[in-house]
Amino acid sequence: MTTDIEHDQSGPYAGAFFLHVPKTAGSSICNMFAFTFDRFLRDAQSQPDEWRALLGGAETFFVGGHFSFAEAQDFLRRRDIFSFTALRDPYEQVVSHLKWVKAYGYPPRADKRAEIHPELADLAVRLWEVPLADVDEVKAQIDAPLRRLFFDVQTHYFCAPDANNVALAVANLQELTFFFTLDDMHAAKAHIESRVGELEEEKITNTAMIEEQVELQDPEIRAGYREMVALDLEFYEQARQISRDRFGIGP
């Protein structure tokens, strides 16, 4: 397990590799890198030949995508690549993810459902009639095969295929050059710029498609969602503390 902040090389990087956990402001983060390197590739998980070619080519690159640590670990560990990720408050992350799916259940958007997996499209239709504050009903609508997409997502991105292993997730997270939580975005951006060069300004580019409000401070709602994010809460708190201690961001 890497413990030294300077585990990467001290000279220029061949590029940056962003492990984009869903619904963690990743689209906005990707856009900040649009002009930092020679080549820019987002949503790279759907373009395997192209992103692998970039990582082996002569041009500098930014690659971002919904990869698990296991899928990309060889590149995430490379000393000449600035590998990084961002994590989000687990309650906010799961509700944002559910909003994204639920928006496809809007009846006039029926034709748009072809853009997502059929199981997600079916879930979207079911969720359209369910207030997200009704956590018990929300959980009842998430079929067993889909649980991995909504329960403890951030942890699973870093410990798959050994699910539910927070210690492994934390260890793997520390193999990356840098990680931070969205609460520390401003300080994290300054740190990244000190390592790779100037980035574009932060801009929110992927807002929720529905305006439904979920009062996450309500004790009953919070308790209901806790089951869905129990591991993520543990993972997130450890990651947040390590990040702040290690990189000196935040109090």
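As the structure is a computational prediction, the values presented were derived from the model and not from experiment.
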Looking only at side-chain N and O atoms, does D89 offer a donor or acceptor that is under 3.5 Å from a partner on Q93? no
Quick one: do E227 and K139 make a salt bridge, cutoff under 4.0 Å? yes
Might you work through the ring pair (Phe, Tyr, Trp, His ring centres under 6.0 Å) test for W51 and F62, ending with a clear yes or no? CA-CA 9 Å; W51 74 261; F62 171 86; over 10 Å; no
Euclidean distance, L98 CG relative to L123 CG, rounded to 0.5 Å: 7.5 Å
Evaluate E212 against K102 for salt bridge (Lys or Arg N to Asp or Glu O under 4.0 Å), listing each step before the verdict. CA-CA 10 Å; E212 181 176 356; K102 182 174 179 176; 2.6 Å; yes
Looking at CD of Q154 and OG1 of T181, how far apart are the two atoms once the value is rounded to the nearest 0.5 Å? 10.0 Å
Only residue of R88, R246, R244 satisfying salt bridge (Lys or Arg N to Asp or Glu O under 4.0 Å) with D184 is R244
Return the CZ to NE2 distance between F84 and H191, rounded to the nearest 0.5 Å. 11.5 Å
So, does H20 use its side chain to make a donor-acceptor pair with the main chain of G64 at under 3.5 Å? no
Using a 6.0 Å cut-off, check whether atom CD of E220 has over 12 heavy atoms from anything other than its own residue. no
Distance (rounded to the nearest 0.5 Å) between I210 CD1 and Y106 OH: 11.5 Å
If only atom types and distance count, is the side chain of S83 paired as donor or acceptor with the main-chain N or O of L76 below 3.5 Å? yes
Is it the case that the side chain of D232 and the backbone of T155 share a donor-acceptor pair, with hydrogens and angles ignored and the cut-off at 3.5 Å? yes
Please enumerate all residues that pass salt bridge (charged side-chain N to carboxylate O under 4.0 Å, His left out) together with D143, with sequence neighbours excluded. R126
When you group the ILVMFWY residues by side-chain heavy-atom contacts below 4.5 Å and let the links chain together, are V63 and F35 in the same group? no
Answer yes or no on whether R147 is positioned over the face of F151, meaning its NZ or CZ is under 6.0 Å from the six-membered ring centre and within 45° of the axis. yes
Do side-chain atoms of E200 reach the backbone of F33 as a donor and acceptor pair under 3.5 angstrom? no
Is the count of non-hydrogen atoms from other residues, nucleotides or ligands lying under 6.0 Å from E198 atom CD greater than 12? no
Using 0.5 Å steps for rounding, measure from the CZ atom of R78 to the CD atom of Q73. 14.0 Å
So which atom in F18 and which in C30 form the shortest heavy-atom distance, rounded to 0.1 Å? CD2-SG, 3.7 Å
Is it true that the side chains of E237 and Q241 contain a donor and an acceptor less than 3.5 Å apart? no
By salt bridge (charged side-chain N to carboxylate O under 4.0 Å, His left out), R39 pairs with (sequence neighbours left out) E50, E59
Salt bridge (charged side-chain N to carboxylate O under 4.0 Å, His left out) filter on R240, not counting sequence neighbours, yields D183
What is the minimum heavy-atom distance between T85 and L19, and which atoms define it? OG1-O, 2.6 Å
May I ask you to establish whether R195 and F178 are in a cation-pi arrangement, using a distance under 6.0 Å from NZ or CZ to the six-membered ring centre and at most 45° from the ring axis? no
Could you tell me if N164 and H156 have a donor-acceptor pair between their side chains, going purely by distance under 3.5 Å? yes
Heavy-atom closest contact (L173 atom, A239 atom, distance): CD2-CB, 3.5 Å
